[in-house]
Each structure stands twice: as structure tokens, then as C-alpha cells.
Novice: 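Let me begin by handing over the structure; questions about it come next.
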Amino acid sequence: MNPTVVSFIYLVAGVLFILGIKGLTKPKTAVRGNKLSALGMLIAVIVTLLDGDVVNYNFIIAGVLVGSGIGAVMALKIQMTSMPQMVALLNGFGGGASLTIALAEYFSKLGSAPESFSEILTPVVATSSNFGSGPEGTIALVSIGLTVLIGALTLTGSLVAFAKLQELMKKSYGLPGGPIGNGIFLVASAVAVVCLVLNPGNTAAMVAIVGLALLLGLFLVMPIGGADMPVVIALLNSYSGIAAALAGFILGNTVLIVAGSLVGTSGLILTQIMCVAMNRSLTNVLFGKMAAGGEVIDADEIYAGKVTSAQPDEVAMMLEMAKRVVIVPGYGMAMAQAQHAVRELADSMEAKGVEVEYGIHPVAGRMPGHMNVLLAEAEVPYDKLVEMERINPTFEDTDVVIVIGANDVTNPMARESEGSPIYGMPILNVDKAKNVVVIKRSLSPGFAGLPNPLFAMDHTVMVYGDGKKAVVEMTTALNQA
Amino acid sequence: MNPTVVSFIYLVAGVLFILGIKGLTKPKTAVRGNKLSALGMLIAVIVTLLDGDVVNYNFIIAGVLVGSGIGAVMALKIQMTSMPQMVALLNGFGGGASLTIALAEYFSKLGSAPESFSEILTPVVATSSNFGSGPEGTIALVSIGLTVLIGALTLTGSLVAFAKLQELMKKSYGLPGGPIGNGIFLVASAVAVVCLVLNPGNTAAMVAIVGLALLLGLFLVMPIGGADMPVVIALLNSYSGIAAALAGFILGNTVLIVAGSLVGTSGLILTQIMCVAMNRSLTNVLFGKMAAGGEVIDADEIYAGKVTSAQPDEVAMMLEMAKRVVIVPGYGMAMAQAQHAVRELADSMEAKGVEVEYGIHPVAGRMPGHMNVLLAEAEVPYDKLVEMERINPTFEDTDVVIVIGANDVTNPMARESEGSPIYGMPILNVDKAKNVVVIKRSLSPGFAGLPNPLFAMDHTVMVYGDGKKAVVEMTTALNQA
Amino acid sequence: MEILILLLALFILSLFLGVELITKVPPTLHTPLMSGTNAVSGITLVGALLAAGSDSSPLLVNGLGFVAVTLATINVVGGYLVTNRMLAMFKRK
Amino acid sequence: MEILILLLALFILSLFLGVELITKVPPTLHTPLMSGTNAVSGITLVGALLAAGSDSSPLLVNGLGFVAVTLATINVVGGYLVTNRMLAMFKRK
Ligand SMILES: NC(=O)c1ccc[n+]([C@@H]2O[C@H](COP(=O)([O-])OP(=O)(O)OC[C@H]3O[C@@H](n4cnc5c(N)ncnc54)[C@H](OP(=O)(O)O)[C@@H]3O)[C@@H](O)[C@H]2O)c1
Ligand SMILES: NC(=O)c1ccc[n+]([C@@H]2O[C@H](COP(=O)([O-])OP(=O)(O)OC[C@H]3O[C@@H](n4cnc5c(N)ncnc54)[C@H](OP(=O)(O)O)[C@@H]3O)[C@@H](O)[C@H]2O)c1
């Protein structure tokens, strides 16, 4: 095909990606946006296949078939409650793809590919001119090295994130020396990149980059707590976007630049939104544990003798009398898969003339917008999901707040106790409501590991038990009343 | 200078323009944004001067000195009430600049410039290769022709707009045949462009383009009513932006493309905002008179015996009793230069514990945001200026609305009488307030030429007189009460 | 070098555009945004196709290309499908 | 031609960016926006400088260039100054 036509079609694909993201700015246009974006991808793929450089279709057909199969099964089988894991896994595959592409590019430009493992470590005679003339060759080598590094790190990092979210890995491991150990690893891989650029035929340096980066991904993410995984994933996603944009520079390809920049900014902005919503800096999320807190807070002292508990049918009586109820979901609702039960409870209340809204904290659950997706699955209309800033002033006029599986995002210590590690994090002020019902299995803390004075307040009752079971019992009691 | 460095600096200038417009999205950052934008301009100019192509500084220095002098005097002397005229005039100068640049480009590439007028009309031997090799020469010629056309049209069109806004030209003149006559002119100038492209040495064709486009600008704008001038100006401004972007294509200059596109979209979006706010299509603004209206509305019938008038001191008594007052300014406030007087009246009311807000219609006055600028000059804080959508629901709880020099934007016919030419235009629902005070000199209509049933309502009183005088008298009476 | 500046200009403008667009995405759609941009980042598939389909090159390159195509396709197909599944659930009352 | 596509890409992205930015400008600032973009459109001054300062060309060209520089400078200087004057007046309570 005429190269101008090819470039033009790539540009069209880039515009489709822009329109896709633009569609995502409104729920109404979002489905169409996603389809436009997918269309852009299809066009870019087709044009690449027709572009003449591709002659051997066997591997491609095999890869596309296998990949589509796996991707489709994953996408259609996954439960909505497991969305964070799914995104982590997809992100890992993306990293793996970048890694293998850069490796393939390296060995193909090198000319002589090794046949056995011992051969891999034998240096080959090559100069940067294999990769492009003059400075372009060096730039290409640097970009290959960096892409391998980012790709490998994203691969293992995302897999660890997946394992943590899926609760396959519960404990935290880190390199001895913590950030310093990681720093040494990072410096070592950077040195390997420099070696590769200086002596492009030094295949052992390439192997070293791959190995170091894979390990670095493991060690960087393993010490980070499970609930902080979304931040890690957004950040890794942003890196992969920037890497794609850099590749676009090398290839002079507009669609890579446009798509890569969009992904890069998206990841960074989501990271920042999460950090602001938690009132923590990015460094703190990545390297710090949560601030240790001035004094150790004694949970027993806070709770002792002050916690009231109730049965679901008692709560149902409260709900029947209420004019306005706000439901505040958290990670526990996802764990209990209680979203449908919650919707049914809300339906019953509304049938009795109660006004029901949902108060959604920006970092409730395990990824931004997690609760919105779950409740959308349960067919709760999205205009009932009210953001923190807008729901907070209404709590004073609310008769009952039902907190289901949320903890940290309702903890009044964030507002009041200056020494607390979560001090300054904006929260849902559920304690301002006339009555608070908290549904969880025990008094055990949430992700931040802190006791929650909300549970000990006079106007709070605890309903102990699995979230779904408790809610179903409330609905039954309410319908019989 | 190294061409890469030059291109890079142009890119920096483009980024500064973007940051400038970004600053304008918030009143707080707007001043800084404007300065960044001006800095971008300065950088672009300096880099051009240093770029080596410029060798003869005499004309430049003369032009910059004269231009800066005139520009600065205009900018510093102009009264805020005359802002629409100022923008029209500046826009005209912009058009004149595009026109002369394109002409200079044409004659310089042509090689042999004429010395006398008769020589101008004598064709020169030239081919498109004078303007660039192969298709690029043709593209350059087309762009020169179009720039001349748009520039000349913008020049005279803006000058007419200026004359209308300044009330130097009150009547409307058009070509016989109206739109058809204009169409013939447009086709003729397009033909002249084609002649020029086919035979680049045909200087007579260039003269024809200039002459036809200058006339076309006159005839296009002269029939359009004075209050519709802002739409015309925004549209012409948008054209000049697009023309600059096209020039950027030819020169491969990033800053021209970025700046031109920003200006182009800005003009188009403002045009669209105005049309929506008036519920009229762009074609209707440009070519139609206002819709003739089903039946002729008899002003006497509406007003006869139903209009109550009052003196300023009677109004002052009403204001003293009020809890909440909304001030609705219009074109008449600008005419009367009453903005400072209005602020003082509001101050007096606030000193007596009255809550005061301003209701701003998007097309009140003679350009978008006109009222906001005037009231800002009178040091009214901008958070007291409330947009139509937000002020409308509050009129029911408002004791007194003071309408000063506004007419069409308060006309209830737009809401209620289906046959009316302004039916469907969103208005300020001042008639929903408990009392309405209208300050204007007579019962004569506003721009749309329609009687206003608001003036005849039971809860409306008219205060006849010049806006400033009436308001000052009210303030005096209020302060003495 | 002229081309490099143009690519840089494109990159910078895309970043600005990205910031403007992404900050407009409401919190309700943040999860689909994450999975959706994840799918977009699968645009590396373009590079994977070139690697897997190149002609004369050694088997290792084609093999790596095959792995790359598979992984990138999972990313793309999985990402768009799951995003579509989520978005289809968002309904107004 | 490659360059033309890149310029086209830049143009399209600028248009998208323009739409996103301009629609965010609040009505309060619409008048300064008009005068401010008017000043930006004075970027044609760059072209005027090249015309007025070119070397060997005939006097007519330099004369036209002089007129162009004058008009464009009025546009730029007048536009930025008047915008600045207006914006400086906007104050919060
Ligand atoms: N969403 C994000 O994007 C994001 C990003 C970064 C960090 N985070 C962090 O994640 C946390 C989210 O706060 P959150 O309030 O949603 O959750 P949380 O503070 O982690 O608390 C979840 C609560 O759910 C309860 N629970 C677990 N399984 C349950 C079940 N089957 N039935 C009923 N209850 C159950 C647990 O109590 P029991 O064990 O007593 O039942 C636990 O206290 C915050 O600390 C936030 O900073 C979120
Ligand atoms: N702003 C924009 O961007 C824009 C754009 C396009 C079109 N328009 C059009 O412009 C019109 C604007 O509406 P508007 O309500 O602001 O103005 P208007 O309908 O034109 O009415 C202005 C009123 O002010 C009065 N007036 C004039 N001089 C006065 C003075 N010295 N003291 C007191 N009153 C005085 C006039 O009545 P007397 O003669 O009786 O005093 C006149 O009725 C609309 O029709 C709109 O569609 C505006």
C-alpha cells in the first residue's frame, strides 16, 4: 500500500481512539465510545497486515486465534466483583507483549539469533548501525532497552498485583533493605541497558536486563498492601502507555503516539485521583507502609462496652419508619457479592415510600469506580449513585445510613484525630446521620488496620454476619412487616 | 539559527498559547493565562526575527512602532462599554494583515512586481513552479488566493460591524437580490481564484479577487442587524483562525497550526453558543431577517391602559422592604454607562441587609459576556453574577427584580406565544418574581423589535428615564430612607 | 529532525488532550476507563504483528512474535469485551 | 507527504483540544476570550515579518509587508492589552 495512505489510516485510528475516550466522559455515550475505540484498533491491525511488511501469516493467525479465545473467555466469564484482578491480569499481558516485541525487534535487527541457551550468552559482533543510521540507531537501542525493562517489570508486577487481589498471596515480602535494595536492582538494570547500547551484540546484557527487570517487578510490588494495588496497576498502565508513545517516536507512527499518550495520562490522572482521595502521597503508597501513627490506638479501649448490636429484623423496623435512607457500600459488599441483595432491599424500601440513595466514596472497594460497576450490574440506575461531595451535606437529613462492608471510608478518625495515619483523608460523614447500621462480620479493621470509632457511637448498631445474608434477612423482614 | 531549534521554539510558543487558553477557563488564572499567551507571541516574533530570512529591519521597526502605538492607545483609552466595537476593529485589522501578507507573498514569489497601476493589470509570465515544485506550487497558490479572499472579506466586514456597533451606520443596505446577489459575488471571486491558479501571472485576476472580496464583505454584513454583529465577528474571527492554520500547513509551521486551530474553534463555539441562546440558526442570523411572525403584534393593544409607571423614590421604598433583589442588566445599561451606579445601588441595598444578585443572560448586551465585563469594571465580584440556568429557579423567591436596559432577554413571549419570532429563545423568567421594576427611556422595543408583555403586567412598574440617572436617584432615596 | 519536532508536537498535544478528556470522565466510569485504556494500550499489537509476520528472520524472532501477538490479542480482545460488558450495565432510571 | 500527514494530525489534535478547552471557558470570560483569541490570531505577524524583512524583493513587497506588520501589531498589542485590562478587573468577593 501507498505509505501516505497507510499513515493516513493510522491517523484515522488515532482519531477513533480520541472519540472513544471522549465517549467515556458520559455514561450515555460510553458504550458507543468503547466501540469506536475498538474499531480504531481493528483498522490499525488491518492496515498493518496489508502493509506489505507482513508476509508470514502462520504465526499471526495462530497468535490471534489463541489470544482472542483466551481474551474472550476471560472477559465473558469473569465476575464483576473480580474486576480489579481482571484489569491487573490484562495489564500484565500487555507488559508481556511489550517485552516480547522488543526482544523480537532486538534479535531480528541483530541478524543472528541464538539457537541454544549457551549461545544466547555468547556475544555477537554488532554495532548500533544494525538498528539505524547514526544517532537513530542509538535511540532505537535505548528505546528497545527501556521497553524491555518497563515491559518485564509490568509483567511480573501486575502478576503480583493479581495474586494479591485474588488473595493468592496474602503476606508481604520485600527485598532486604527495602527501597535501598530496590534502588540497587534498578541501578543494576540501568547499567545493563547502558552495556547493551555500548555493545549491541552483547546478548548477555539483554538477558540480564530481562532477568533483573522481572525480579524488580516482583520485589517492587510484593511489599505493597492489597488495597493499594489499584494505584500500582494504574501506574504500570500509565508506563505502558508512555512506552507505546515512545515506540511511536521511533517508528514515526501517529497512532502509537496518540494512543500511548492517552493511556499514559489516563493512568497518571487515576493514580493522582486515588492518592488525593486517600490523602497519601504516591511515594507513601509505593514505598512507605501507612504512617505508623503517633500513639498506638487501642481498639479495645474504643470499643469496650460501647458497641451495640442488632438483628436484621430489628433493623427492618427502623427502615420501615425512615423517610430517607443512604446505603454506603465498601469492599465487603464485593467480597460478599451482595450487590443484588442490596438492590432488592432498596426496592423494598422504595415500595414503602422511603427515599433511597447510595453514597459512593472514590476509593471504596479495590479500584476506582468499583462500587459503581457492581451496583450497575445489579441494575441500580447510575443517577442514584451519589459522589462524596454531593452526598455528605445530606447526611444530617438522613434517618438511617446502612454501611455494608465499608470501613476506612467512613472512619471519623480521618476527620478528627490528628495523630491518626489516615488523618486528612476525605470520608463519608455517615456519623452525622440520625441512625447508622453497620453490616460486617466482626469488629476487625479494614485495609488501613485501624479501629473505627463509628462502631462505638450511640446511634450506631452493628449487624454481624456475611453481608449478603444479613441484607437478604432485612429484606424478608421488611417485606413481611 | 539551526532550523530544528527554530521549529522547537515555535512549538514552545504553541504550547504557551494552549496554556493561555487553559488559563482562561477560570477567572483566577485568566490574567496569568493571557500573559503566557502574550509571551508565546513574543517568543514567536523574536525567533522569526533571528531566523536569518529577515535582513531588512527598517520596515519592520517602522511597522512595529506604529502598530504598537496605535494598539496601545486603543487598548488603554477604550471604554469598557465600547468593547464590542473594539473587538470588531481589531478583527478588521487582523483581516487586513492577512490580506496584505498574502499579497506580498504573491508579488515576491512572482518575481516582477508592478511599478504603476496600469502595470498591475498587465499579465506577467509565470507558472505555479514560481510558488513551489509540483503540486506544492498549486497548493501554495490556492492558499494565497483563499487567504486574500478571507482577509479582504474580514477587513470590510469587520469595519461594517464596527460602524454598526458604534451607530455610525444605522440603516441596513444589501445587494439587490439579497442572498442570490451575494452568491453571485462569491462565485465570481471563486472564479477569479481559479483563474489565478491556472495562470499565476495574471495579476488582473488577483486585483479582481481583492476588489470582489472587499465588496462582498460590505454587502454580506450591511444587511445584518446591529445586535447580531457579535455573531458576525465571532464567525469572521474563526475564519481568520482557520486561514492561519492553513498557512501553517503551507509553511510547515507548528505554531500557526496550533494557534490558528484554537482561534478557529473558539470563534465557532462562541457563534454556536450565541445562536443557541437566541434559538436561531446561523443561516437565519446571516441571511434571514428575524422571522416575520404569524400575526403582526400590536404594541398598543398589549400596553394600552395596563402600564404602571413609578418614580425612583417609590421604588426605593420597595427595595427597602425587600429580602432578596435580583438585578437584570441589558444593552441599555451599557448605553447609559450605568454599571458603577448599579454597583452603588447594590451596595446600599446590601448595607440595609438585602440579598442582591445579578442575573446574566448569555446574550444580554452586544457581545457574549458583555455584562460581566462591565460589572467587573464596577468591581462587582464575579461570584455574584449568576447564569441564566442557575438564577431562573430563584425568581419565585425574589421580592424585586430590577431590569435595567434589558428587554428581549426578559420577554415572556419567547416562552409563551408560539407565533412570535423569538419563540423558543431561553429567557430570564423575571415575571415570576413578586415585583418587577423596569428602567428604560420609553416603551420602545429592543433589538428584536417586539413589544414586551412584561411591561404591562400587574406586578411590573416602569421607571422612565436614562438608566444611570434613574439608578442614582434610587440610591439617593434609599440612603435617605 | 523536522519530523522529530512534529512528532514531539503531536506527543505534547496528545498529552494536553488526554488531560482534558480524562479529567472529564466521571467517577462512575473509572473502572471501565481503566479496562478501556488497558485495551487501547494493546495498540502494541501493531508492533507484534510486524515481528511475527516478518519474512526471513530466524525462528526465535517469529516465536517471540507469536507470543507477543497472543499476549497483545488477549489484552485487546479481553479489554474491549469486558469494558463493553461493564458499560452495557450502566443505565439511567 | 509524510510531513503533510503529520501536520494534518497536528491540526486535527489542535481542533479537538480547542473544543475541549473553549467549552470550559465560563460565560463570564467570553468577552476576554473573544479579544484574547483575536490577539492570538495576530500570529500572522510572523508571516508579516518575513514579508517586510525580505531582502532583494521589490519595494511593493516591502511596502505591503510594512502595512501587514503595522496592522498585525495593532491586532496583537491592542488585543493583549485590552484583554489584560479586562481580566484584571475580575475579582472574587
Ligand atoms: N478503591 C480504590 O481505588 C482504592 C485504591 C487504593 C486504596 N484503597 C483502600 O481500600 C480501602 C477501601 O475502603 P472500604 O471501606 O471500601 O473497605 P475496607 O476499609 O477495606 O473495609 C472492608 C470491610 O468489609 C468487611 N467485609 C469483608 N468481607 C465481608 C463480607 N463477606 N460481608 C460483610 N463484610 C465484609 C470487613 O470487615 P469484617 O472482616 O469484619 O467483615 C472490612 O472491615 C481504603 O482503605 C482505601 O484507601 C482503595
Ligand atoms: N450579547 C450578544 O452576544 C448578542 C449576540 C447576538 C444578538 N444579541 C441580541 O441583542 C439583544 C440583547 O438583549 P437586551 O435585552 O440586552 O437588549 P435589547 O433587547 O436590545 O434592549 C435594550 C433596551 O435598553 C433600553 N435602553 C437603551 N438605552 C438606554 C439608556 N440610556 N438608559 C436606559 N435604557 C436604555 C432600550 O429601551 P429604550 O429605548 O426605551 O430606553 C432597549 O429596549 C437580544 O435581542 C439578543 O438576541 C445579543
Side-chain angles (χ1 to χ4, degrees), chain A residues 17 21-22 24-25 27 30-31 34 38 41 44 48 53-56 59-60 63-64 66-68 70-72 74-75 83 87 90-91 93-94 96-98 100-101 103-104 107-108 113 237 240-241 244 249 257-259 261-263 265-266 269 362 367-369 372-373 376-377 381-383, chain C residues 7 10-11 14-15 18-19 21-22 24-25 27-31 33-38 40-41 43-44 46-55 57-58 60-62 64-84 86-93:
Chain A
F17 288 138
I21 303 274
K22 217 167 138 66
L24 275 179
T25 56
V31 173
N34 188 51
M41 188 63 77
T48 310
D53 284 349
V54 174
V55 284
N56 180 344
F59 290 98
I60 293 182
V64 167
V66 175
S68 308
I70 301 181
M74 279 174 65
M83 211 38 82
V87 172
L90 287 178
N91 204 46
F93 291 147
S98 298
T100 41
I101 293 166
L103 283 178
F107 285 115
S108 95
N237 193 11
S240 65
F249 263 80
I257 294 189
V258 172
S261 319
L262 291 177
V263 175
T265 44
S266 159
I269 290 175
M367 80 189 301
N372 306 66
V373 170
E377 190 202 4
Y382 60 76
D383 32 10
Chain C
L7 292 172
L10 202 61
F11 179 58
S14 304
L15 289 181
V19 171
L21 287 178
I22 305 286
K24 268 195 188 164
V25 175
T28 299
L29 295 179
H30 276 170
T31 296
L33 174 67
M34 267 181 109
S35 63
T37 52
N38 213 319
V40 172
S41 76
I43 186 69
T44 44
V46 166
L49 292 175
L50 291 174
S54 65
D55 185 17
S57 42
L60 176 70
V61 171
N62 284 337
L64 284 169
F66 164 72
V67 177
V69 170
T70 309
L71 291 177
T73 308
I74 297 180
N75 201 352
V76 168
V77 173
Y80 280 118
L81 276 184
V82 85
T83 308
N84 192 58
M86 271 188 267
L87 290 175
M89 297 179 327
F90 282 89
K91 286 194 196 81
R92 208 191 189 95
K93 192 164 50 174

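In what follows, chains are A, B, ... by sequence order, proteins preceding strands, each numbered from 1. The model shown is predicted, which means the values in this text are computed figures rather than measured ones.
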Novice: Could you go through Asn56(A) and Asn62(C), starting from their C-alpha distance and side-chain angles, then the distance that decides it, and tell me whether this counts as side chain to side chain contact (heavy atoms under 4.5 Å, CB included)?
Specialist: CA-CA 9 Å; Asn56(A) 180 344; Asn62(C) 284 337; 3.8 Å; yes
Novice: Tell me which of these, Val87(A), Leu262(A), Val31(A), has more heavy-atom pairs under 4.5 Å with chain C than the rest.
Specialist: Val31(A)
Novice: Search all heavy atoms of Phe59(A) against all heavy atoms of Ala52(C) and return the closest pair with its distance.
Specialist: CB-O, 3.9 Å
Novice: Indicate the atoms forming the closest heavy-atom contact of Leu10(C) with Ile257(A), along with that distance.
Specialist: C-CG2, 4.2 Å
Novice: Which heavy atom of His30(C) sits nearest to which heavy atom of Gly369(A), and what is that distance?
Specialist: CB-N, 4.2 Å
Novice: Taking all non-hydrogen atoms of both residues into account, name the closest pair between Thr44(C) and Ala244(A) and its distance.
Specialist: CG2-CB, 4.4 Å
Novice: Locate the shortest heavy-atom distance separating Thr31(C) from Pro368(A); write the atom from each residue and the value.
Specialist: OG1-O, 2.6 Å
Novice: With chain C as the partner, which of Lys22(A), Met83(A), Met41(A), Glu377(A) has the greatest number of non-hydrogen pairs under 4.5 Å?
Specialist: Met41(A)
Novice: If I measure from the heavy atoms of chain C, does Ile269(A) come under 4.5 Å with its side chain, its backbone, both, or neither?
Specialist: side chain
Novice: For chain C, which of Gly96(A), Ala30(A), Ser240(A), Gly67(A) has the most heavy-atom pairs under 4.5 Å?
Specialist: Gly67(A)
Novice: Show the numbers, then the answer: is there a side chain to side chain contact (heavy atoms under 4.5 Å, CB included) between Asn372(A) and Phe90(C)?
Specialist: CA-CA 9 Å; Asn372(A) 306 66; Phe90(C) 282 89; 4.2 Å; yes
Novice: Counting heavy-atom pairs closer than 4.5 Å to chain A, which one of Ile43(C), Val19(C), Val25(C), Thr83(C) comes out on top?
Specialist: Ile43(C)
Novice: Side-chain polar contacts of residues 68-81 of chain C - donor-acceptor pairs under 3.5 angstrom, sequence neighbours left out - could you list them?
Specialist:
from: Thr70(C); atom 1: OG1; to: Phe66(C); atom 2: O; distance (Å): 2.7
from: Thr73(C); atom 1: OG1; to: Val69(C); atom 2: O; distance (Å): 2.5
from: Tyr80(C); atom 1: OH; to: Ser37(A); atom 2: O; distance (Å): 3.2
from: Tyr80(C); atom 1: OH; to: Ser37(A); atom 2: OG; distance (Å): 2.7

Novice: When heavy-atom pairs shorter than 4.5 Å are enumerated against chain A, which of Gly36(C), Ser35(C), Pro27(C) gives the highest number?
Specialist: Pro27(C)
Novice: List for me each residue that meets side-chain hydrogen bond (donor to acceptor under 3.5 Å, both in side chains) alongside Ser266(A), sequence neighbours excluded, and say none if there are none.
Specialist: none
Novice: Taking side chain as everything from C-beta outward and backbone as N, CA, C, O, which of these in Pro362(A) sits under 4.5 Å from a heavy atom of chain C? Side chain, backbone, both or neither.
Specialist: neither
Novice: Compare all side-chain heavy atoms of Leu50(C) with those of Thr48(A) and state whether any distance is below 4.5 angstrom.
Specialist: yes
Novice: Going by heavy atoms in the side chains, are Asn237(A) and Thr37(C) under 4.5 Å from each other?
Specialist: yes
Novice: Using side chain to side chain contact (heavy atoms under 4.5 Å, CB included), reason through Leu87(C) and Leu24(A) one step at a time and then give a plain yes or no.
Specialist: CA-CA 9 Å; Leu87(C) 290 175; Leu24(A) 275 179; 3.9 Å; yes
Novice: State, to 0.1 Å, how close Thr265(A) and Gly18(C) come at their nearest heavy-atom pair, and which atoms those are.
Specialist: OG1-CA, 3.5 Å
Novice: Please classify the contact of Ser68(A) with chain C as side chain, backbone, both or neither, using a heavy-atom distance under 4.5 Å.
Specialist: both
Novice: I'd like to know which of Val66(A), Leu90(A), Thr100(A) tops the heavy-atom pair count under 4.5 Å against chain C.
Specialist: Leu90(A)
Novice: Which atoms of Asn34(A) come close to chain C, meaning under 4.5 Å heavy atom to heavy atom: side chain ones, backbone ones, both, or neither?
Specialist: both
